[in-house]
Structure formats: structure tokens, C-alpha cells
Amino acid sequence: MAPAGTLRGQIAEAGPAVTVHNADIAATFEKVADLLEIEGANAFRVRAWRKAAQTIAALPRKLSDMVGAGEDLRELPGIGEDLAARIAEIVDTGKLALLEEIERRTPGDLAELMDLPGLGPKRVLALHETLGVTGIEDVLRAARTGALRKLPGFGPKLQEQILHALTTRGAGEKRMRLMVASAIADDLLGHLRTAPGIGEVAVAGSFRRRKETVGDLDLLASGSTPARIVDHFMTQEDIAAVVEKGGTRATVILRGGLQVDLRAVPAESFGATLQYLTGSKAHNVALRRLARADGLKLNEYGIFRNRDQLAGRTEEDVYAMLGLPWIPPELRENQGEIEAAREGRLPRLVTRADIRGDLHIHTRASDGSATLAGMAAAARALGYEYIAITEHSQRVTVAHGLDETRLAEQIDEIDALNATLKDLAILKGVEVDILEDGSLDLPDSILRRLDIVLGAVHSAFGLDRDAQTDRLLRAMDNPNLNLIAHPTGRLIGRRDAMEIDMPRLIDGAARRGVFLEINGQPDRLDLDDRHCHMAKLAGLRMALSTDAHRPSDLEFMAGAVDQARRGWIEAGDVLNTKPLGQLRKLLKR
DNA sequence: GCCGTTTTCGGCCCGACTGTTTTCAGTCG
């Protein structure tokens with residue numbers, strides 16, 4: 001391949017000047033919503049911009065592509081004629097005239113003030129009009145001089161709260177990886193279960209929806225005397241600060257910085273509260289609209305007709321009262337799941353029990369810590385029918401990647417072990433490096449002898465979108481390649497996903513009979529939920545794998561299953577739900 | 001600004017807690 005610089009230069013000349021990402025458009029829409037709200041615009045108009053921003057942020061396809069193809073954006077939920085034109089404007093020009101117009105009216109950055117606790121549109125406007133505040137620095141000054149607390153509607157408590165937030169900014173506001181939050185949640189639930197008169201307990205929120213990271217934990221508990229449950233919860237020793245506390249609700253900050261919300265309700269409302277706290281917000285709003293349409297009211301205590309509670313004890317009752325089957329929490333993002341439920345076409349999401357094997361495993365031959373026999377034993381203990389051993393290739397020297405000779409030795413070793421195993425098949429594989437030019441790091445002569453070949457990128461993550469996509473497609477041109485491992489290379493919170501034209505990659509994989517991996521490592525979860533859904537819509541099968549480097553890592557399968565479920569993936573979409581015979585056929589290109 | 005088994009106008013989810021109030025607005029989830 002030509003040097004990357006040359007290729008980039010050619011593409012820059014031929015392609016569009018700038019690529020506008022969906023996230024940029026969503027951020028622009030959010031900013032418009034903030035500023036309109038501060039200006040006192042119609043609340044429903046503000047909501048329309050926010051709803052559109054959510055739709056855009058969760059969209060599995062690139063808006064710039066859709067605009068380029070002349071598609072009708074008004075078919076997207078919450079996008080009408082006006083907002084469709086605004087999107088096209090941003091895609092075409094990289095700017096939004098309306099936002100520039102509003103910014104001329106409201107100097108500085110008033111929108112960012114909305115992020116401060118206790119500051120909403122009304123108080124931000126008051127700050128601007130009475131003190132001439134235009135940004136964070138002005139607020140800090142007003143709080144320090146004491147001018148802030150003298151304003152009507154403000155007070156010493158609020159001033160102190162804002163000052164505290166401004167001086168400790170950046171600390172503890174990072175989202176936490178799901179697996180880390182799990183351990184904390186277990187402790188908190190254990191403590192809650194010892195409360196007097198306790199009934200059921202649960203974790204709701206984005207944790208229950210299995211989002212890859214959580215910003216806080218939402219706990220709920222049922223019991224005869226909610227206030228006593230809240231009181232008991234406050235005795236948890238990890239609590240560093242109490243943000244608020246009432247008779248049914250409390251918000252606290254743990255020592256580690258994680259925010260935890262607790263809601264305590266009577267048993268007859270547990271299901272409704274679980275539903276309400278699980279969200280997402282957009283899903284809940286949509287459900288409440290459904291309820292209203294039937295002359296009902298849905299809140300966190302149940303479904304009501306006038307004063308009569310019709311449902312609320314279980315989530316199933318709540319959904320049933322709205323004419324819907326129970327919807328798995330992973331789907332509750334208002335991304336079509338309510339319509340699917342109503343029409344009886346909810347997916348039967350893949351479960352851990354559907355998984356028959358793990359197709360991405362390392363041993364100490366490369367950078368794993370266990371022996372081949374050790375990993376095989378751990379897999380048998382999980383009841384797997386098969387596993388694939390997939391070491392790194394020679395290029396990854398820090399991981400003791402295998403060259404042709406060492407891989408040949410491992411092939412013999414696996415053959416020998418297979419001969420002694422009755423209830424587990426070990427597939428001979430490799431995680432071969434995809435080099436910068438798209439070639440593979442081992443010769444075809446050895447790849448041909450393997451049952452499964454994963455290709456993976458471990459270098460040159462920074463290529464531009466077209467070069468990176470071309471690189472992966474070129475790797476897939478090698479008929480020995482079966483699967484792209486951790487396709488985007490992201491490390492949550494540490495390294496961004498590579499720039500990849502995902503629709504083109506998915507289409508290319510489908511055409512070539514190549515599959516994509518959903519890597520279950522807690523900091524990878526790659527493909528992510530949106531890309532999973534995109535791949536499913538394209539009819540592409542995926543492998544759910546752990547990339548295990550030690551026996552306990554095989555448990556990472558849970559994370560891969562979570563991502564898959566959020567992406568609407570069913571057992572039939574997954575390679576490693578197939579019996580060994582079928583799997584082998586699918587691995588023949 | 002969007003949307004429609006309430007359909008082109010008139011609606012748009014709902015409640016808890018706090019702080020600043022003297023009966024409730026604002027914020028948050």
C-alpha cells in the first residue's frame with residue numbers, strides 16, 4: 001500500500017470538505033435547546049429539540065450519509081420538516097445559522113451554566129439579567145463575593161452548593177464501567193436487605209438496561225414503612241455525603257464518588273417503580289403517552305384510572321395494562337421497542353444459556369496466564385461444547401506473539417489434547433495482526449491449517465476513516481480470515497474507537513462471509529450496542545467472545561451478551577450459539 | 001417543534017425534594 005499520507009491526500013481532494021458526525025449534530029441541538037429554554041421559549045419547542053438530539057445521538061446510521069443519499073429525515077422520530085432542514089444545513093455547511101443568531105442574543109456561554117447543580121434556565125436567565133453573567137467565571141466571582149445569594153430565588157445554601165461544584169469540578173463525574181458498578185451494587189443491595197420490614201430490592205436505571213457505563217446507581221426497595229428503609233440505607237458505611245433525603249427517597253454520594261439514588265415504596269407499587277426507575281426517560285415518556293391515550297395515568301406508583309390503581313405490583317402488570325408484552329430492559333431506549341412490542345415482533349434476545357462456546361481465548365503461549373489444558377478445563381466447567389485458542393501473531397512482540405513455527409507447534413499440541421477430550425472440542429485458531437496495509441501478519445500456508453482466523457488491529461489506530469476502512473476490507477479479502485476481533489479498537493475511557501465507515505465495513509463483511517466480534521472485555525465491549533444493531537439489520541452474524549487471558553476471564557461473556565442484547569441480537573444472529581458442525585460450515589468461506 | 005385510533009389544531013409525562021417561601025417555584029430524575 002502507498003504511504004498513508006499519500007492515500008489521505010487523494011481522498012481529501014476527492015471527498016467532501018468535512019465530515020459532520022451525528023454526535024456533533026446532537027450536541028448542537030442540545031445547545032439550541034438550552035439557549036432557547038434560557039430565553040423562555042415555548043417549553044414544548046425546547047423539548048422537541050432535545051428529543052431530536054436524543055434520536056440523533058442514538059441513530060445507528062450516519063446522518064451525513066443519509067442526507068447525501070437524499071433520504072427523508074422526517075421519517076425519524078421527533079424530526080419534522082423544520083428540524084430535518086436544520087440537520088441538512090449542519091451537514092452541508094458545518095454550521096447552524098439559528099444557533100449563531102441565538103448566540104448573538106445571549107453572549108458568552110450561558111448553556112454551560114445549566115450543568116451546574118441548582119441552576120436551570122430560570123436562574124441562569126436571572127443571573128444574566130441582574131448580574132450580567134455570561135459564563136462560568138462570572139458565576140464563580142458572584143458566588144465568591146456573595147452577590148449570588150442576594151438575588152431573589154437564590155440563597156446562601158444555593159450559593160454554597162454552586163461554589164462547591166465549581167471548586168471541585170471534574171472530580172468524580174466520570175461514568176463508571178458496568179462491571180465495576182456491579183460489585184458496588186451487590187454491596188448496597190446486601191445492606192438494604194437487612195432493613196426492617198424489607199420486601200424486594202433491585203437495581204434499576206442504566207445499570208439494569210446494561211449500558212456499558214453508568215453515571216449513578218438507582219436502587220429501589222419495597223416495604224411496609226418506606227421511611228424506615230431510607231433511614232436504614234443511610235447507615236451504609238460507604239456513604240460520604242447526603243445530597244437529599246426524604247420519606248421515600250434519598251440521594252447520596254459514596255466514598256468513591258459514585259452517586260446512588262434510593263427509592264422506597266410499598267409492595268403494590270414495586271413493579272411500577274422498577275419500571276419508572278429503569279427508564280430510559282424517553283421510553284417512560286412514550287409509555288405515559290400511551291397511558292394517557294387510554295384515559296389512564298402512569299406514574300411510579302402504578303397505572304391509575306382516576307383514583308383506582310389498576311396495576312403496579314409487577315412490571316408485567318404495568319406493560320399488560322398498556323396492551324404490551326413485557327419489554328426487556330436492554331431495549332428500553334424508545335428506539336422502536338414499543339412499536340415492536342405492540343406488533344408482537346419483539347426480538348427473542350440472546351441469553352448466556354444460548355452460548356455454546358468461546359471463540360477468542362489466549363494461553364500462556366502468548367500473553368495469557370494459563371496453560372492450554374487449564375483454559376480447556378475452565379471452559380468445560382462452564383458447559384461449553386467448544387472453544388477456539390487464538391494467540392497473538394508475531395508482530396505483537398510485547399504479547400509474545402507466535403510466529404509460523406510456534407503456531408505449528410501449538411497446532412500439534414491442540415491435536416494431542418483434542419484426542420484426549422470427549423466433551424469439548426478445541427478449535428485451532430489465531431488472532432492475527434492486521435498490518436497497516438491490510439495484509440496479515442502470518443503467511444497463508446499456516447493460516448490455511450487453522451479452524452478459525454481472527455484478524456485484529458493493534459497498531460496504527462489513527463488512520464483516517466477511509467484508509468482505516470480500506471485496511472480492514474483488504475484484510476477481509478484474504479479468504480482465510482473469518483472474523484474481525486474488537487473491530488473498532490476502543491478502550492472505554494482511554495482510547496477512542498478507530499475512525500471506521502461502519503456501514504461499509506458491515507456490508508463488506510457480509511459480502512465476503514466474514515463475521516464481526518462482540519468482545520466482552522469490560523473496557524472493550526466492541527462492537528458497541530449501536531453497531532451490533534446496525535450489523536443485525538444488515539443480516540450479519542456476530543461472535544460473542546471474551547478475549548480471555550485467564551480462566552476467570554471467561555466470565556466476560558456476560559458483558560458481550562449485554563451489548564448484544566442492547567443491539568437487539570437474537571440467538572440466531574450469533575455464531576457461537578450454533579452446534580459445532582454448523583459452526584464449522586459457517587467458518588468455511 | 002412534532003404529531004395524529006384525540007388527525008391539520010391543540011395538545012404535549014409525572015412526582016419528590018430543597019430552598020426560599022408565607023403557599024410554591026425551580027430543579028431533578
Side-chain angles (χ1 to χ4, degrees), chain A residues 29 32-34 36-38 40-55 73-87 98 113-127 148-162 165 204-206 214-220 226-227 230 242-252 259-265 269 272-273 275-304 318 322-323 334 338 342:
Chain A
F29 272 43
V32 169
D34 283 348
L36 284 176
E37 198 173 16
I38 291 168
N42 179 300
F44 298 109
R45 183 180 171 212
V46 173
R47 188 185 297 175
W49 281 89
R50 287 203 204 287
K51 185 173 189 298
Q54 278 183 358
T55 297
L73 302 181
R74 290 177 302 177
E75 304 205 341
L76 299 171
I79 310 274
E81 192 171 347
D82 182 80
L83 295 184
R86 307 284 186 189
I87 292 170
L98 174 69
L113 302 188
M114 300 263 284
D115 290 339
L116 292 171
L119 287 193
K122 298 291 196 304
R123 287 181 181 142
V124 168
L125 183 64
L127 283 172
L148 199 140
R149 73 178 152 85
K150 297 204 181 79
L151 295 180
F154 290 71
K157 284 272 179 66
L158 193 57
Q159 173 173 289
E160 182 51 38
Q161 186 185 17
I162 289 170
S206 52
V214 297
D216 64 6
L217 282 179
D218 298 286
L219 307 185
L220 75 155
V230 175
V242 179
V243 178
E244 66 179 33
K245 174 183 176 296
T248 68
R249 220 178 81 173
T251 297
V252 302
Q259 177 173 316
V260 180
D261 297 333
L262 170 71
R263 194 76 184 254
V265 294
S269 292
T273 307
Q275 193 287 313
Y276 161 74
L277 282 180
T278 297
S280 66
K281 189 170 178 175
H283 177 88
N284 287 356
V285 168
L287 282 193
R288 287 176 177 190
R289 282 184 60 145
L290 277 186
R292 281 183 70 93
D294 287 344
L296 305 173
K297 185 171 72 169
L298 171 60
N299 59 28
E300 59 262 54
Y301 297 108
I303 293 192
F304 298 84
V318 171
L322 297 173
N334 198 27
I338 294 173
R342 188 163 42 208

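The basis for the numbers below is simple: all heavy atoms, side chains too, and nothing from hydrogens, waters or symmetry mates. Within every chain, numbering begins at 1; the chains are lettered A, B, ... in the order of the sequence lines, protein sequences first and strands thereafter.
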CZ of R74(A) versus C1' of dC3(B): gap in Å, rounded?
-> 13 Å
Salt-bridge present (E160(A), R149(A); N to O < 4.0 Å) | no
For D34(A) and dC28(B), what is the distance between atoms CG and P respectively, to the nearest whole Å?
-> 11 Å
Applying side chain to side chain contact (heavy atoms under 4.5 Å, CB included), run through V230(A) and R249(A) and close with a yes or a no.
-> CA-CA 7 Å; V230(A) 175; R249(A) 220 178 81 173; over 6 Å; no
Taking atom P of dA16(B) as reference, at what distance in whole Å does atom CG of D218(A) sit?
-> 16 Å
Earlier contact from the 5' end, DNA chain B, for V124(A) and D82(A) = D82(A)
What integer number of Å spans the P atoms of dG29(B) and dT21(B)?
-> 23 Å
So what does L277(A) hit on the nucleic acid, given a heavy-atom distance under 4.0 Å: a base, only sugar-phosphate, or nothing?
-> nothing
Nearest-nucleotide check on DNA chain B, P121(A) vs K297(A); residue mapping nearer the 5' end is K297(A)
Go through dG15(B), dG29(B), dG1(B) for me and flag the one nearest to the D261(A) side chain.
-> dG29(B)
For dG15(B) and dT8(B), measure between their C1' atoms and round to the nearest Å.
-> 33 Å
Would you say the side-chain atoms of T251(A) pair up with the backbone N or O of D261(A), donor to acceptor, closer than 3.5 Å?
-> no
Atom CD of E244(A): over 12 foreign heavy atoms under 6.0 Å = yes
When rounded to the nearest Å, what value does the distance between C1' atoms of dT27(B) and dT20(B) take?
-> 13 Å
Steps toward side chain to side chain contact (heavy atoms under 4.5 Å, CB included) verdict (F154(A), Q159(A)) | CA-CA 7 Å; F154(A) 290 71; Q159(A) 173 173 289; over 6 Å; no
What integer distance in Å separates L219(A):CG from dG29(B):P?
-> 15 Å
Determine the contact category for K51(A): base if any of its heavy atoms lies under 4.0 Å from a base atom, sugar-phosphate if only primed atoms, P, OP1 or OP2 are that close, otherwise nothing.
-> nothing
Let me know the distance between NZ of K281(A) and P of dG29(B), rounded to the nearest Å.
-> 9 Å
Distance, C1' atom - from dT23(B) to dT18(B), rounded to whole angstrom | 15 Å
Counterpart base for dT8(B), defined by Watson-Crick or G-U wobble contacts under 3.5 Å = none
Between the protein and nucleotides 17-20 of chain B, which nitrogen or oxygen pairs come in under 3.5 angstrom?
residue: dC17(B); atom: OP1; partner: G247(A); partner atom: N; Å: 3.3
residue: dC17(B); atom: OP1; partner: T248(A); partner atom: N; Å: 3.2
residue: dC17(B); atom: OP1; partner: T248(A); partner atom: OG1; Å: 3.4
residue: dC17(B); atom: OP1; partner: R249(A); partner atom: N; Å: 3.1
residue: dT18(B); atom: OP1; partner: K245(A); partner atom: N; Å: 2.7
residue: dT18(B); atom: OP1; partner: K245(A); partner atom: O; Å: 3.0
residue: dT18(B); atom: OP2; partner: K245(A); partner atom: O; Å: 3.3
residue: dT20(B); atom: OP1; partner: G155(A); partner atom: N; Å: 2.6
residue: dT20(B); atom: OP1; partner: G155(A); partner atom: O; Å: 3.1
residue: dT20(B); atom: OP1; partner: P156(A); partner atom: N; Å: 3.2

Side-chain atoms of A293(A) come closest, of dG1(B), dT6(B), dG15(B), to dT6(B)
Taking atom P in both dA16(B) and dG11(B), compute the distance separating them and give it to the nearest angstrom.
-> 26 Å
The single option from L113(A), V124(A), V46(A) that satisfies side-chain contact (heavy atoms from CB on, under 4.5 Å) with I38(A) is V124(A)
Using whole Å, report how far CG of L113(A) lies from C1' of dG26(B).
-> 16 Å
Sugar-phosphate only, base, or nothing, as touched by D216(A) at under 4.0 Å among non-hydrogen atoms | nothing
Starting at CZ of R263(A) and ending at P of dA16(B), how long is that distance when rounded to a whole Å?
-> 6 Å
Side chains of residues 284-291 of chain A: which donor-acceptor pairs under 3.5 Å do they make with residues two or more places apart or in other chains?
residue: N284(A); atom: OD1; partner: Q275(A); partner atom: NE2; Å: 2.9
residue: N284(A); atom: ND2; partner: Y276(A); partner atom: O; Å: 2.8
residue: R288(A); atom: NE; partner: L298(A); partner atom: O; Å: 3.3

Please work out if L287(A) contacts a base, only the sugar-phosphate, or nothing of the nucleic acid, heavy-atom cut-off 4.0 Å.
-> nothing
Salt bridge (Lys or Arg N to Asp or Glu O under 4.0 Å) partners of D82(A), counting only residues at least two apart | R86(A)
Looking at the side chain of R45(A), which of dG26(B), dG1(B), dG29(B) is the nearest nucleotide?
-> dG1(B)
Rounded to whole Å, the CG-P distance (N42(A) to dG10(B)) equals 15 Å
Expected output: side-chain T273(A) to main-chain S269(A) donor-acceptor under 3.5 Å = yes
Please state whether the phosphate of dA16(B), meaning OP1 or OP2, lies under 4.0 angstrom from any side-chain nitrogen or oxygen of Y276(A).
-> no
When you get a sec, tell me which of dA16(B), dT27(B), dC14(B) is the closest nucleotide to the side chain of Y301(A)?
-> dA16(B)
